[in-house]
Amino acid sequence: MNTVKKTIQELPPAYFALVMSTGIVAIGAHLVGFSRISEGLFWLNNLAYGILLLLLFARLIFFFPAVLAELTSHEKGPGFFTVVAGSCVLGIQYSLQKQGFATAAILWFLAVATWFILTYSLFFLLIIKAEKPPFETGINGAWLLLVVS
């Protein structure tokens, strides 16, 4: 049981990249007519999203200090934006593959709320942080997730 707790506690913030990438491949497969691949990836993405959402809530409830430390990290903080992008990609899958516009709208509203909370909390926490890394080490490729999300 300690291994499970430790795994949840140390789960990287960018873990929703799994949903982003799986969804992008599923959408591409759908657009070129590979319906079986697209359908399989759609359901796999739903499973991954559900599990990762549960793990995120578990981290917020049981390991909030660790999540807050990551959110105030120049290196790891931007990774949380994969939640936004992953939610949007899954919503697009629902819209394109299942014509599930209500589910797509729910995922979009969840993504907008998450984006708003993350954008303002991340920048606020990083601005008020006493010690900041130099620009060349404080900014990395994960910051591009702000644009993607």
Side-chain angles (χ1 to χ4, degrees), residues 1-32 34 36-127 129 133 137-149:
M1 190 55 131
N2 286 337
T3 305
V4 173
K5 282 185 178 180
K6 187 173 174 102
T7 301
I8 293 171
Q9 182 179 8
E10 295 176 354
L11 200 62
Y15 45 82
F16 273 86
L18 170 70
V19 177
M20 289 171 48
S21 58
T22 304
I24 290 167
V25 173
I27 291 167
H30 173 77
L31 292 175
V32 296
F34 296 142
R36 286 186 184 163
I37 293 171
S38 177
E39 186 73 11
L41 291 175
F42 171 79
W43 292 112
L44 177 64
N45 217 20
N46 275 280
L47 178 66
Y49 187 82
I51 291 170
L52 292 174
L53 206 55
L54 288 173
L55 291 173
L56 175 61
F57 288 136
R59 288 191 79 217
L60 287 169
I61 293 167
F62 299 114
F63 305 108
F64 186 74
V67 174
L68 188 58
E70 290 170 345
L71 191 59
T72 59
S73 164
H74 283 78
E75 183 180 301
K76 293 184 176 184
F80 284 103
F81 282 93
T82 60
V83 177
V84 176
S87 298
C88 288
V89 169
L90 185 60
I92 291 169
Q93 282 184 271
Y94 268 98
S95 180
L96 280 176
Q97 293 180 243
K98 301 294 180 189
Q99 287 70 46
F101 301 111
T103 304
I106 290 168
L107 287 165
W108 184 78
F109 282 115
L110 176 67
V112 169
T114 304
W115 177 86
F116 187 83
I117 291 166
L118 284 175
T119 298
Y120 289 99
S121 61
L122 176 73
F123 285 115
F124 175 76
L125 292 170
L126 291 177
I127 288 168
K129 192 173 182 179
T137 59
I139 302 296
N140 58 42
W143 283 87
L144 293 172
L145 288 166
L146 278 74
V147 177
V148 172
S149 68

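What you see below is based on every heavy atom in this structure, not just the backbone, and it leaves out hydrogens, waters and symmetry mates.
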* **Minimum heavy-atom distance between Ile37 and Ala29, given as atom pair plus value** => CG2-CB, 4.0 Å
* Asked: Quick one: ring pair (Phe, Tyr, Trp, His ring centres under 6.0 Å) partners of Phe109, sequence neighbours excluded?
  -> none
* According to the ring pair (Phe, Tyr, Trp, His ring centres under 6.0 Å) rule, which pairs have a member within residues 36-62, sequence neighbours left out? -> Phe16-Tyr49, Phe42-Tyr94
* Within the distance-only criterion (no hydrogens, no angle test), does the side chain of Ser73 pair as donor or acceptor with the backbone N or O of Ala69 below 3.5 angstrom? -> no
* Which pairs with one or both residues in residues 52-71 pass side chain to side chain donor-acceptor pair (under 3.5 Å), sequence neighbours excluded? -> Arg59-Glu70
* To do: Using the side-chain contact (heavy atoms from CB on, under 4.5 Å) rule, take Ile117 and Thr114 through it: C-alpha gap first, then chi angles, then the decisive distance, then the call.
  => CA-CA 5 Å; Ile117 291 166; Thr114 304; 5.9 Å; no
* Residues two or more places apart in sequence or in another chain: which of them pass side-chain contact (heavy atoms from CB on, under 4.5 Å) with Phe124? -> Ile128
* **Gap separating the OG1 atom of Thr119 from the CZ atom of Phe81, nearest 0.5 angstrom** => 3.5 Å
* CG on Leu110 to SG on Cys88, rounded to 0.5 Å -> 9.0 Å
* Structure fact -> For residues 99-108, the side chain to side chain donor-acceptor pair (under 3.5 Å) pairs (sequence neighbours left out) are none
* Closest approach of Ala58 and Ile8, non-hydrogen atoms and distance? -> CB-CG2, 4.2 Å
* **Those residues that, when tested against Phe64, pass side-chain contact (heavy atoms from CB on, under 4.5 Å) (two or more places apart)** => Leu60, Leu68
* Distance in Å, Leu56 CG paired with Ile61 CD1, rounded so as to fall on 0.5 Å steps -> 9.5 Å
* To do: If a pair satisfies salt bridge (Lys or Arg N to Asp or Glu O under 4.0 Å) and one of its residues is in residues 79-94, list it, with sequence neighbours excluded.
  => none
* To do: Hey, could you give me each pair passing salt bridge (Lys or Arg N to Asp or Glu O under 4.0 Å) that has a residue in residues 77-90? Not counting sequence neighbours.
  => none
* Asked: Can you pull the salt bridge (Lys or Arg N to Asp or Glu O under 4.0 Å) pairs that have at least one residue in residues 45-58, sequence neighbours excluded?
  -> none
* Structure fact -> Sorted by chain and number, sequence neighbours left out, side-chain contact (heavy atoms from CB on, under 4.5 Å) with Gln9 holds for Phe63, Ala66
Using atom types as modelled, flag every donor-acceptor pair under 3.5 Å from a side chain in residues 19-26 to any protein atom, sequence neighbours excluded.
residue: Ser21; atom: OG; partner: Ala17; partner atom: O; Å: 3.0
residue: Ser21; atom: OG; partner: Leu18; partner atom: O; Å: 3.2
residue: Thr22; atom: OG1; partner: Leu18; partner atom: O; Å: 2.8

* Asked: Roughly how far, to the nearest 0.5 Å, is CG of Leu55 from OG1 of Thr7?
  -> 9.5 Å
* Structure fact -> Separation between CG (Leu52) and CG (Leu47), nearest 0.5 Å, reads 9.0 Å
* Structure fact -> Separation between CD1 (Ile27) and CD (Gln97), nearest 0.5 Å, reads 7.0 Å
* salt bridge (Lys or Arg N to Asp or Glu O under 4.0 Å) contacts in which one or both residues fall within residues 9-20, not counting sequence neighbours -> Lys6-Glu10
* **Where Ser121 and Leu71 come nearest, the two heavy atoms and their spacing** => OG-CD2, 3.8 Å
